[in-house]
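Input: a single structure, listed below in structure tokens.
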There are 2 protein chains.
Amino acid sequence: MINSRVAVAVHILVLIASKPHDDLASEYIASSVNTNPVVIRRILGMMRKAGLIRTVAGKAGAALTRPASAITFLDVFQAVEPDNSLFAVHENPNPQCPVGKGILAVLEEAFSSAQAALEAKLSAQTIQDTLDRLFPER
Amino acid sequence: MINSRVAVAVHILVLIASKPHDDLASEYIASSVNTNPVVIRRILGMMRKAGLIRTVAGKAGAALTRPASAITFLDVFQAVEPDNSLFAVHENPNPQCPVGKGILAVLEEAFSSAQAALEAKLSAQTIQDTLDRLFPER
DNA sequence: TTACGTTGTAATTATAATGGTTACAGGAGA
DNA sequence: TCTCCTGTAACCATTATAATTACAACGTAA
């Protein structure tokens, strides 16, 4: 199972996008997510490095670097998930065995096409979509 | 990252389907995969419980319960991956917060549509396809 | 029947990822 | 200055994974 950082990161971005004021401290975000402020700051750091948000050290508040409609779940996924392969494969299958010799290449091709399908769906979901579903009345 | 059991399980099924020997012992499979025989027997057990293969205690060899063209990567994935949710979500977001209150429902919907896309691709790949790519000359 | 090889499975260990926590240096702003 | 905040290192507990040892139960050949 993929870790909950993706879910938490989306939660954070939705909070940032839905708050007009700039006083969104990690402590407040943590109380909404129900975790520790350091966990939040860690994920904020990953998203900052990925260029999704801007923060100022010492100053509460984070801002999106682009419209919520231009931040996709795939952007978030890649920001908080360092692995670029979704499926692990076993190391060093036996090259003396005809199956062992070629299996990894075939597996990697199959897995990457499946991963591409997942990523296509993730890139079709934006933070703005999430906001709209959360608050349809607005 | 998803564990390597899926990759190993496909490797095993391809070995069975390609029948290099009549009596495919876990020891032999392990030498092709490059791991321990118990790891192989554990995965064989999961696939047996999922109805993909048949084995006899005490007797070397495993057999597919249906044609290799009727066993998909999704069947394998579900056999060796007990979680039915691909993405984890954080537990107990704050219901007092408007975002915390509704975020999980929205996230789960988004994640499950992405997972469905992945599974659709996985179900379009069979063990026979893998065999054909591995040995195109046959 | 016995002997031997094999499966099925429990138990143990090592390693790594994850998430929670404490601690603290340093920035921002009143 | 004083206070709140961020960024980050360090540490811990929990869990998943994979490797490994051990052994009871089973199948087959003799």
Side-chain angles (χ1 to χ4, degrees), chain A residues 1-9 11-12 15-16 19 21-50 53-63 77 80-93, chain B residues 1-9 11-12 15-16 21-50 53-63 77 79-93:
Chain A
M1 190 149 58
I2 292 165
N3 64 56
S4 68
R5 285 197 299 267
V6 188
V8 172
H11 187 148
I12 294 172
L15 277 174
I16 295 172
K19 289 283 177 179
H21 22 290
D22 271 351
D23 62 339
L24 208 55
S26 65
E27 181 99 29
Y28 177 88
I29 299 175
S31 81
S32 173
V33 172
N34 187 35
T35 184
N36 191 287
V38 177
V39 172
I40 299 299
R41 296 204 290 269
R42 213 142 49 188
I43 293 174
L44 284 172
M46 294 188 233
M47 293 199 286
R48 178 167 37 73
K49 278 170 192 148
I53 60 170
R54 225 186 321 268
T55 63
V56 178
K59 188 181 169 189
F77 180 69
V80 301
E81 179 53 67
D83 295 324
N84 47 4
S85 288
L86 184 63
F87 290 88
V89 294
H90 45 300
E91 302 284 307
N92 308 316
Chain B
M1 188 147 63
I2 292 165
N3 64 57
S4 67
R5 285 197 301 267
V6 187
V8 173
H11 187 147
I12 294 172
L15 277 174
I16 295 173
H21 300 93
D22 262 0
D23 54 343
L24 207 54
S26 64
E27 182 99 29
Y28 177 87
I29 299 175
S31 82
S32 173
V33 172
N34 187 35
T35 183
N36 190 289
V38 177
V39 172
I40 300 300
R41 297 204 289 269
R42 209 141 53 189
I43 293 174
L44 283 172
M46 293 190 234
M47 293 199 286
R48 179 168 36 72
K49 278 170 190 149
I53 61 170
R54 227 186 319 270
T55 64
V56 178
K59 190 181 170 189
F77 180 68
V80 301
E81 179 53 67
D83 294 326
N84 48 2
S85 288
L86 185 62
F87 290 89
V89 294
H90 44 299
E91 302 284 307
N92 308 316

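Below, chains carry the letters A, B, ... as their sequence lines are ordered, and counting in each starts from 1.
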Inset, instruction - Have a look at Asn3(B) and say if it touches a base, only the backbone sugar-phosphate, or nothing, with a 4.0 Å heavy-atom cut-off. - result: sugar-phosphate
Legend entry - Considering all heavy atoms, the nearest Ile16(A)-Ala63(A) contact: CG2-CA, 4.1 Å
Inset, instruction - Would you check, one step at a time, whether the test side-chain contact (heavy atoms from CB on, under 4.5 Å) holds for Ile12(B) with Leu24(B)? - result: CA-CA 10 Å; Ile12(B) 294 172; Leu24(B) 207 54; over 6 Å; no
Legend entry - Contact boundaries on DNA chain C for chain A, cut-off under 4.0 Å to non-hydrogen atoms: dT18(C) to dG29(C)
Inset, instruction - Could you pull out all residues at least two apart from Arg41(B) that satisfy side chain to side chain donor-acceptor pair (under 3.5 Å)? - result: Ser26(B)
Inset, instruction - Mind listing the residues from residues 39-47 of chain B sitting with a heavy atom below 4.0 Å of DNA chain D? Number order is fine. - result: Val39(B), Arg41(B), Arg42(B)
Inset, instruction - For Val38(B) and for Pro82(B), locate the closest nucleotide of DNA chain D by heavy-atom distance; then report the residue assigned to the nucleotide nearer the 5' terminus. - result: Pro82(B)
Inset, instruction - Give, ordered by number, those residues of residues 25-32 of chain A having at least one heavy-atom distance below 4.0 Å to an atom of DNA chain D; if nothing qualifies, reply none. - result: Ala25(A), Ser26(A)
Legend entry - Earlier contact from the 5' end, DNA chain D, for Lys49(A) and Met1(A): Lys49(A)
Legend entry - Any Thr55(A) side-chain N or O less than 4.0 Å from OP1/OP2 of dT6(D): no
Legend entry - Any side-chain heavy-atom pair of Asn3(B) and Glu81(B) under 4.5 Å: yes
Legend entry - Nearest heavy atoms of Met1(A) and Ser85(B), plus distance in Å: SD-O, 3.1 Å
Inset, instruction - Just jot down the ring pair (Phe, Tyr, Trp, His ring centres under 6.0 Å) partners of Phe87(A), sequence neighbours excluded, or say none. - result: Phe111(A)
Inset, instruction - Specify the closest pair of heavy atoms between Ala79(B) and Ala50(B), including all atoms of both residues, with the distance to one decimal. - result: CB-CB, 3.5 Å
Legend entry - Any Lys59(A) side-chain N or O less than 4.0 Å from OP1/OP2 of dC4(D): no
Legend entry - From CE (Met47(B)) to CD1 (Ile53(B)), nearest 0.5 Å: 4.5 Å
Scan the side chains in residues 30-39 of chain B for donor-acceptor partners under 3.5 Å anywhere in the protein, sequence neighbours excluded, and list what turns up.
residue  : atom : partner  : partner atom : Å
Ser31(B) : OG   : Tyr28(B) : O            : 2.8
Ser32(B) : OG   : His11(B) : NE2          : 2.8
Asn34(B) : ND2  : Asn92(A) : O            : 3.0
Asn36(B) : OD1  : Val38(B) : N            : 2.9

